Amino acid sequence: MKTNDKIDAARIDLALAELRLGGIKLAWSTLAATADKEGWPAARFLAALVEQETAERSRRRFARHLEEARLPPNKTLDAFDFDAVPMISKARVQALAAGDAWLESGANLLCFGPPGVGKSHLAAALGFALIENGWRVLFARTTDLVQKLQIARRDLALEAAIAKLDKYHLLILDDITYVAKDHAETSVLFELISARYERRSMLITANQPFSEWGKIFPDQAMTLAAIDRIVHHATIFEMNVDSYRRKAAIETNRGAGRPATRATIKNST
Ligand code: ADP
Ligand code: MG
């Protein structure tokens with residue numbers, strides 16, 4: 001490059017940075033060299049620049065949405081063993097991962113089952129796939145979110161806090177039945193559920209089926225009203241299988257050839 005060219009390049013970089021065209025800023029000089037060498041028509045060069053900017057923006061958007069989602073790491077659909085939960089169809093889950101119909105109508109997804117069967121894994125994996133498809137997701141342990149909402153209520157900002165969650169097309173409430181059982185805690189939860197009803201989707205995981213919720217949450221009438229809203233437009237996955245965690249632990253032990261001295265471990269508990 002000649003000195004003048006260098007000055008021009010620096011000026012272009014500066015202007016691109018100011019215009020927030022980071023994708024073009026990264027790519028233009030290489031593309032310009034190729035274009036000069038291969039004698040590209042101007043429109044082809046421009047198209048290539050625009051393509052770079054679009055790709056860079058969608059990369060950045062994905063990274064931003066992934067970070068804000070707070071998903072537990074490494075839980076993907078690829079890593080999920082569907083053979084372990086024969087009642088759940090992989091095709092069905094893949095269709096849900098596209099998002100479209102159910103997220104647009106604010107429908108819900110419920111995963112029930114005992115601990116260790118993959119409810120949180122499936123929820124996180126679906127969240128990840130949805131983010132890849134351009135949706136916004138928040139994964140929350142229900143107890144943590146309820147704590148935040150209670151603080152908001154104390155500050156007379158509950159409505160605003162719930163409205164802020166509207167930006168998420170899907171709110172994952174993991175372990176809903178772990179919410180501590182006093183009235184104040186459950187009532188913010190139920191306000192959240194009412195606010196999202198038929199507008200914004202939720203994915204709820206629970207160790208106990210609905211039939212037990214009356215015993216878990218303090219207010220029967222409120223619980224029934226909440227269940228009513230949750231199930232009105234919902235897909236339900238009943239994951240009644242053995243704990244994957246326990247099965248995996250047993251298999252690891254077998255694979256490692258547990259020493260004979262520990263072979264009687266099952267009587268020791
Ligand atoms: P739950 O939320 O139902 O208690 P988790 O989703 O936390 O269960 O699963 C427990 C552990 O077992 C996690 O490490 C998870 O990745 C793994 N796991 C559970 N089910 C499966 C599965 N079907 N395929 C792969 N890993 C699984
Ligand atoms: Mg879980």
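All ligand and atom numbering here is 1-based and tracks the order in the structure. Since this is a predicted model, take the numbers as computed values, not measurements.
- Contacts between K75 and ligand 1 below 4.0 angstrom, taking non-hydrogen atoms only, involve the side chain exclusively.
- In terms of modelled atom types and a separation under 3.5 Å, the side chain of K119 and the main chain of P114 share a donor-acceptor contact.
- Ligand 1 is never approached by G113 to a heavy-atom distance shorter than 4.0 Å.
- Annotation for E51: atom CD does not count as buried by contact number, only 12 or fewer foreign heavy atoms lying within 6.0 Å.
- By the criterion of side-chain heavy atoms lying less than 4.5 angstrom apart, applied directly or through intervening Ile, Leu, Val, Met, Phe, Trp or Tyr residues, L66 is grouped together with L77 in one hydrophobic cluster.
- Between E68 and R64 no salt bridge is recorded (no basic side-chain N to carboxylate O distance below 4.0 Å).
- Of all the heavy atoms of S243, none lies under 4.0 Å from any atom of ligand 1, so neither backbone nor side chain is involved.
- Across G118, A84, S120, heavy-atom proximity to atom 9 (O) of ligand 1 is greatest for G118.
- Of the protein's non-hydrogen atoms, the one nearest atom 4 (O) of ligand 1 is G116 N, 2.7 Å.
- Side-chain atoms of S120 and D174 form a donor-acceptor pair, as typed in the model, at a separation below 3.5 Å.
- Remark: ligand 1 atoms within the under-4.0 Å shell around heavy atoms of A79 are 24 (N), 25 (C).
- Looking from atom 23 (N) of ligand 1 to the surrounding protein, the closest heavy atom is D81 O, 3.0 Å.
- Here the protein heavy atom with the shortest distance to atom 10 (C) of ligand 1 is R245 NH1, 3.4 Å.
- Among the backbone and side-chain atoms of S120, an N/O/S atom is found under 2.8 Å from the Mg ion (ligand 2).
- Against a heavy-atom cut-off of under 4.0 Å, V117 is close to the following atoms of ligand 1: 1 (P), 3 (O), 8 (O), 20 (N).
- Between P115 and ligand 1, no pair of N/O atoms sits closer than 3.5 Å.
- Linking ILVMFWY residues whenever their side-chain heavy atoms come closer than 4.5 Å, directly or via other members, places L203 and I131 in the same cluster.
- Closest protein heavy atom to atom 3 (O) of ligand 1: K119 NZ, 2.7 Å.
- Comparing F82, F112, Y244, F80 against atom 19 (C) of ligand 1, the shortest heavy-atom distance belongs to Y244.
- Ranking protein heavy atoms by distance to atom 16 (O) of ligand 1, first place goes to H121 ND1, 2.6 Å.
- R196 places a side-chain N or O within donor-acceptor distance of the main-chain N or O of L165, the cut-off being under 3.5 Å.
- Heavy atoms of V85 come nearer than 4.0 angstrom to ligand 1 in no pair at all.
- The cluster map of Ile, Leu, Val, Met, Phe, Trp and Tyr, joined by side-chain heavy atoms under 4.5 Å apart, puts F128 and I88 in the same cluster.
- Formation of a donor-acceptor pair under 3.5 Å by the R60 side chain with backbone atoms of G22 is not found in this model.
- Within 6.0 Å of atom NZ in K167, more than 12 heavy atoms from other residues, nucleotides or ligands are found, so the atom counts as buried in its surroundings.
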